[in-house]
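Working notes, beginning with the structure itself.
Only heavy atoms go into these numbers, but all of them, side chains included; no hydrogens, no water, no symmetry mates. Letters A, B, ... are given to chains in the order of the sequence lines, protein chains preceding strands, and every chain is numbered from 1. What you are looking at is a predicted structure, and each value in this text was computed from that prediction instead of being measured.
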Number of protein chains: 2
Amino acid sequence: MASTQSLKSLSKDNINQNIVSAQYAVRGELAIKSEEYRAQLKSQSAKPSDPPTPPDSSSHQSSLPFDTVISANIGNPQQLDQRPITFFRQVLALLENPPLLEHPDVLESTFGYPPDAIARAKHLLSEIGSVGAYSQSAGAPAIRQSVAKFIERRDGFEADWQNIYLSAGASSGVNTLLNVMRGSANTGVLVPIPQYPLYTASLSVLNATCVPYLLDESKSWGTSLDVIKESYERAVAEGTDVRAIVVINPGNPTGASLSEDDIKSVIRFAAERKLVVMADEVYQTNVFIGKFHSFKRVLRQLQQAEPGTFDNVELASLHSISKGMVGECGHRGGYFELVGFDKEVQAQIFKFISIVLCPPVIGQCLVDLMVNPPKEGEPSWQLYDKEYNGIKEGLRERATALYKAFNEMEGVECGEPQGSMYLFPTIHLPQKATDAASAAGKNPDDFYCLRLLDATGICVVPGSGFGQKPGTLHLRTTFLAPGTDWVGRWTRFHKEFMEKYRD
Amino acid sequence: MASTQSLKSLSKDNINQNIVSAQYAVRGELAIKSEEYRAQLKSQSAKPSDPPTPPDSSSHQSSLPFDTVISANIGNPQQLDQRPITFFRQVLALLENPPLLEHPDVLESTFGYPPDAIARAKHLLSEIGSVGAYSQSAGAPAIRQSVAKFIERRDGFEADWQNIYLSAGASSGVNTLLNVMRGSANTGVLVPIPQYPLYTASLSVLNATCVPYLLDESKSWGTSLDVIKESYERAVAEGTDVRAIVVINPGNPTGASLSEDDIKSVIRFAAERKLVVMADEVYQTNVFIGKFHSFKRVLRQLQQAEPGTFDNVELASLHSISKGMVGECGHRGGYFELVGFDKEVQAQIFKFISIVLCPPVIGQCLVDLMVNPPKEGEPSWQLYDKEYNGIKEGLRERATALYKAFNEMEGVECGEPQGSMYLFPTIHLPQKATDAASAAGKNPDDFYCLRLLDATGICVVPGSGFGQKPGTLHLRTTFLAPGTDWVGRWTRFHKEFMEKYRD
């Protein structure tokens, strides 16, 4: 019994090495440590009246220099301050417990349900039956039809509901698309750097080739066609079969909101080189500066303007209920629309998603509510509009306050907040800090973020987790946490850190 | 513009060939056709007052010889007659819309909420916060703790909540485990035949090796250790690195309920050959004959009885909210427990599941309710108990009625219903039917099931979709559909079919 280890079937050395080598820092070492701190604070506060425990080297945990953990590592609005939109949750409660519908008068008088929430729940139940039943693999037809109509209203161009696939969040959609398009280890996908690491991690798990292209920090993190071309040409020269280009707009982690011209360039390039465009548009309503341009609309406009030139373009655009003012991450809802895909390829996508049966049905219903919210004049409109705009304004205020704080910190540069839920400042650290990081076996940005967590309870993600231009250091923080206290903690920490390591 | 096809990036020939070659008949050709029939019936019934449409070769759809589609191809209780358990849905509605909790008196007096439903919702909200927030990757700690306590009560042995991983249904758990254990194309997994095709399909997608072992139809579809050994030895001789054995108990599609001795044999074999045991126990409460024995309890008993011999065993046991008397498929909830797994391997599992963030949180809450239902004496107990046993009794009655009908059909042999949600009868078809199938390019069982669907609207899955001993033919049907009308339709169809093709 001294070592049963070698008798095991599975060890880190013999399991899937593509998973072993994958990196996913958003829930990596720092996030795990922050959850430990949170549990420690909870267990301390749960026993306020207990007598002090005598020191015990095996179980004693020293008290932490902060009283709350701020999870700014992940865009998880409802973990922090954001409240769900009332109309959405009113409908969901009725879908979960339809007998509530037997007393609409009490729902209205006592619980403040507006009649359109009740009507919507009845309509959805008539379409889907029970939310406890599997739906069709690509989602309930009625909800896919709602999504198609939303896209038509948004873009001014037709959408075919049979090309809409509901998914368990956009992550699941990305996973499906990359799985299907991966022909061999040589299959390449152009991925922006910095990027949300879902892409690099999934390509790693699939043993496919990530072809990184750098975003241009000097131009508010826009795309540079020259840089994309150069990355593409280099990969092709190395024998990679580049099949797709990922664009995240608005950007994660950068927050950048792409111009229509940038989008046109990408589509034109994709048409020329026969690349699938994967447009990750989950932050489409989180735009502070400029305006969101959907890839679908820009593609259709190009197709009208230059008939024939763009007919071959394959576009997959993804959306989610997790972000925007909806912020319903825990419900795992989303969709992707396919444009220009081969029917036989779509049949394989259908088979692939069928193996895990269907996305969560209540999440599908939330997709329906997101794309078809109360309209002006309907009973729920006023509250919906107030809540929606309140969340939007709150995000802008928090982003601006954090942006200002960053720009007052020594060695930190941060562009004006443009969109999404993140700021991605550059940090310049003194040589002594870089040396201390080396000595600890860490990247300098990892080292800084770890110290920040230990000192303040604020959890962010080092730039290395997203990829960054060599020689630069960044970090990504959400601006979802309320109040200014945590920003003050960070400012004090930064000052002390810089003083400690001053050259 | 004549052919834009060749200008596409993706075609069936260049995408992931492991997906192209995967088979998943549960939602294959027959299921797709049945959904088309359902849509056709719906569109017909939606226009009852329309004048008769003149025949039109392009759009006219001839009327179908049945008025309902019976989806007996998939264990989807709430699509058919099964109503959700009241207590579960009362709690879920409060989780979705917490402001309902502001008027507990009205919930009780008008909507019949018992106080324990209200208390449970408050407790879950205090543990998880909003159901709209991401949880930790492996699920909310409090719910994992509930699962561990349930396993302890069920088995009489300790369970560590940190070894419990919540998942989006058991399918997602299987996907995770197979992904992680797949070291190379040479990695082999022993899979029972017949089996639920999640296993063969997932191994195909992962380009791993399926090592089939036949179940023994003559012994109520039990496992035969000799057959398992033979399959294992043959695979090893061919150079396959066999790492795991899948056991589905109670069986899908067979309904078999394994004896304790069969389970012991499998565990002993796994210990000797260093195999991970994947115990798919999603039907653990669907047992009509005998008793469910969990692999975990049997393993712990063996470990007690023969210290040292079984220390190396790695067991993953899976459970789900989709089956049993819960039947909440659409909520996509489940869990797996790992026993004896290497910590480093578990860290890789954690990373893998983190990439898609977390299972649906409302589904996690349903896991909590399933493993921790109302107890005797609590206000919700009486109704819960009545509903639970009513569903169980209903399933038994339907299974028995269908079993009797099968045994009155010419050429059909069906064992007594033992468990799960399925019957898996053998069918003997006349040579002329086999020839007609050949002429149509179909397997004989596919041919029979297709004719059944076309004639009656009843959708079942041919035995070929699960694997079967060469030379035998089967089909799988759920016994979830209510009433006897559909069974009568089937009996009449079968008689006509046999007469038509009589030798």
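- Side-chain atoms of A/Q364 come within 3.5 Å of backbone N or O of A/A140 as a donor-acceptor pair.
- Of all the listed residues (B/V326, B/V361, B/I19), the one sharing the greatest number of non-hydrogen pairs under 4.5 Å with chain A is B/I19.
- Proximity of a side-chain donor or acceptor of B/Q78 to a complementary backbone N or O of B/N76 within less than 3.5 Å is not detected.
- A salt bridge links B/R89 with B/E328; the closest basic N to acidic carboxylate O contact falls under 4.0 Å.
- Each of A/L100, A/V356, A/L206 has some count of heavy-atom pairs under 4.5 Å with chain B, and the biggest count is that of A/L100.
- Of the two parts of B/Y113, only the side chain, counted from C-beta on, holds a non-hydrogen atom closer than 4.5 Å to a non-hydrogen atom of chain A.
- Among B/L198, B/V106, B/N18, the residue with the largest count of heavy-atom pairs under 4.5 Å with chain A is B/V106.
- Across all their heavy atoms, A/L80 and A/S71 have their closest contact at CD1-O, 3.9 Å.
- Interface remark: B/E102 contributes no atoms to any contact with chain A (heavy atom separation under 4.5 Å).
- Using a 4.5 Å cut-off between heavy atoms, B/V20 touches chain A through backbone and side chain atoms alike.
- Judged by distance alone, with hydrogens and angles left aside, the side-chain atoms of A/N14 form a donor-acceptor pair with the main-chain N or O of A/S9 at under 3.5 Å.
- At a 4.5 Å heavy-atom cutoff, B/Y199 makes no contact with chain A through either its backbone or its side chain.
- Of the atoms belonging to A/E314, it is side-chain heavy atoms, and not backbone ones, that fall under 4.5 Å from chain B.
- Heavy-atom distances place no part of B/P141 under 4.5 Å from chain A, backbone and side chain included.
- Residues B/K42 and A/E127 are paired through a salt bridge, judged by an N-O separation under 4.0 Å between the basic side chain and the carboxylate.
- Counting heavy-atom pairs under 4.5 Å between each of A/G132, A/P77, A/A133, A/A93 and chain B puts A/G132 at the top.
- For A/I32, the part lying under 4.5 angstrom from a heavy atom of chain B is the side chain only.
- Contact annotation: the side chain of A/L95 approaches that of A/L92 to within less than 4.5 Å [non-hydrogen atoms, C-beta and beyond].
- For B/L94, no part lies under 4.5 angstrom from a heavy atom of chain A.
- For B/S135, the part sitting under 4.5 Å from any heavy atom of chain A is the backbone (N, CA, C, O) and nothing else.
- Interface remark: A/F88 contributes no atoms to any contact with chain B (heavy atom separation under 4.5 Å).
- Between chain B and the options A/G363, A/S202, A/G340, A/S172, heavy-atom pairs under 4.5 Å are most frequent for A/G340.
- For A/P197, no part lies near chain B; criterion is any non-hydrogen pair under 4.5 Å.
- Surrounding CZ of A/R83 are at most 12 heavy atoms belonging to other residues, nucleotides or ligands under 6.0 Å away.
- In terms of heavy-atom pairs under 4.5 Å with chain A, the best-connected choice from B/E35, B/R243, B/E344, B/K12 is B/R243.
- Take A/F111 and apply the ring-ring contact (aromatic ring centres under 6.0 Å, His included) test, not counting sequence neighbours, and it matches B/H103.
- Proximity of a side-chain donor or acceptor of B/Q17 to a complementary backbone N or O of B/D13 within less than 3.5 Å is detected.
- When each of B/G183, B/A347, B/C329 is scored by its heavy-atom pairs under 4.5 Å with chain A, the top score falls to B/C329.
- With hydrogens and angles ignored, the 3.5 Å screen pairs a side-chain donor or acceptor of B/R332 with a backbone N or O of A/C358.
- Both the backbone and the side chain of B/Q79 come within less than 4.5 Å of a heavy atom of chain A.
- Proximity to chain B is absent for every atom of A/Q82, based on heavy atoms less than 4.5 angstrom apart.
- Applying the 6.0 Å contact sphere to CD of A/Q23 captures no more than 12 heavy atoms from other residues, nucleotides or ligands.
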**Q.** A/S354 vs A/S137, side chain to side chain donor-acceptor pair (under 3.5 Å): CA-CA, chis, key distance, verdict
**A.** CA-CA 5 Å; A/S354 294; A/S137 308; 2.8 Å; yes
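- Contacts with chain B were tallied for A/Y134, A/F352, A/F341, A/F350; A/Y134 has the most, counting heavy-atom pairs under 4.5 Å.
- For B/S322, the part lying near chain A is the side chain, with the backbone staying farther off; criterion is any non-hydrogen pair under 4.5 Å.
- Screening residues 176-186 of chain A for side chain to side chain donor-acceptor pair (under 3.5 Å) gives A/N175-A/N179 as the qualifying pairs, with residues at least two apart or on separate chains.
- Chosen from A/L357, A/I362, A/V276, the residue pairing most often with chain B at heavy-atom distances under 4.5 Å is A/L357.
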